[in-house]
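Reading through the structure tokens given below for one structure.
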Amino acid sequence: MMHTAVGWHVEMEFEEDDRQTRAVAMVRLPDGSEVRANGYASRHHTDSNQPRVGEEIAGARALNELAMQMLTKAHGEIDDASGRISHPIHV
């Protein structure tokens, strides 16, 4: 049986200064809900200024947090639908 493919759109935004990068990841789900997460990276004063590296680290941390929030959301929906407490979802 074929099912219609569903797409998710993930947006990433970054704020940077000379020492720190902040990333915000947001996913819009087909039901209209949104999930947001933050990630941070700090540059040590002896490291060279490489904004792309800070974006990659902060972005990865934001996406990791987003993934954990999505797992928690799915776990809650399983429990709500079944009326019982299910086994934790592990990464």
Side-chain angles (χ1 to χ4, degrees):
M1 174 190 299
M2 281 296 236
H3 295 280
T4 303
V6 176
W8 290 2
H9 298 278
V10 178
E11 294 181 19
M12 298 286 298
E13 292 182 2
F14 299 94
E15 293 179 2
E16 299 175 85
D17 60 29
D18 290 340
R19 297 283 315 272
Q20 188 172 29
T21 303
R22 175 179 177 250
V24 178
M26 191 265 301
V27 62
R28 287 189 181 97
L29 301 172
D31 66 2
S33 64
E34 296 179 353
V35 180
R36 294 176 186 265
N38 296 301
Y40 299 91
S42 296
R43 182 175 67 86
H44 190 272
H45 70 277
T46 61
D47 292 338
S48 61
N49 189 9
Q50 297 180 6
R52 186 176 47 138
V53 173
E55 290 170 4
E56 291 169 352
I57 293 169
R61 288 175 173 163
L63 289 170
N64 186 57
E65 176 60 29
L66 186 68
M68 297 308 295
Q69 288 183 33
M70 293 299 301
L71 285 170
T72 299
K73 181 180 185 310
H75 190 10
E77 290 173 2
I78 291 168
D79 289 354
D80 291 346
S82 67
R84 61 181 174 79
I85 296 178
S86 58
H87 294 285
I89 300 172
H90 297 287
V91 178

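Note that the numbering runs from 1 along the sequence shown for the chain.
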Legend entry - Residue pair Tyr40 / Ala58: nearest heavy atoms and the distance that separates them: C-CB, 3.9 Å
Legend entry - Nearest non-hydrogen partners of His45 and Arg19, listed with the distance: N-NH2, 4.3 Å
Inset, instruction - Taking the side chain as every heavy atom from C-beta outward, state whether Asp47 and Val53 have any atom pair closer than 4.5 Å. - result: no
Legend entry - Straight-line distance of Lys73 NZ to Leu66 CG, nearest 0.5 Å: 11.5 Å
Inset, instruction - Taking all non-hydrogen atoms of both residues into account, name the closest pair between Gly59 and Met12 and its distance. - result: CA-CE, 3.4 Å
Legend entry - Spacing of CD belonging to Glu56 relative to OG1 belonging to Thr21, to within rounding of 0.5 Å: 10.5 Å
Legend entry - Min side-chain heavy-atom separation Arg43-Gln20 under 4.5 Å: no
Legend entry - Ionic contact status for Glu65 with Arg61, cut-off 4.0 Å: no
Legend entry - Pair Arg22 + Glu13, salt bridge at N-O below 4.0 Å: no
Inset, instruction - Quick one: pull up NE2 in His75 and CG in Leu71 and give me the separation to the nearest 0.5 Å. - result: 10.0 Å
Legend entry - Side chain proximity check, Pro30 to Trp8, heavy atoms < 4.5 angstrom: yes
Legend entry - Inter-residue atom distance His9.NE2 - Leu29.CG, 0.5 Å rounding: 11.0 Å
Legend entry - Pairwise side-chain contact, Glu11 with Val27, heavy-atom cut-off 4.5 Å (strictly under): no
Inset, instruction - Give the minimum heavy-atom separation between Ala23 and Ala62, together with the two atoms involved. - result: O-CB, 3.9 Å
Legend entry - Euclidean distance, Arg52 CZ relative to Ile57 CD1, rounded to 0.5 Å: 11.5 Å
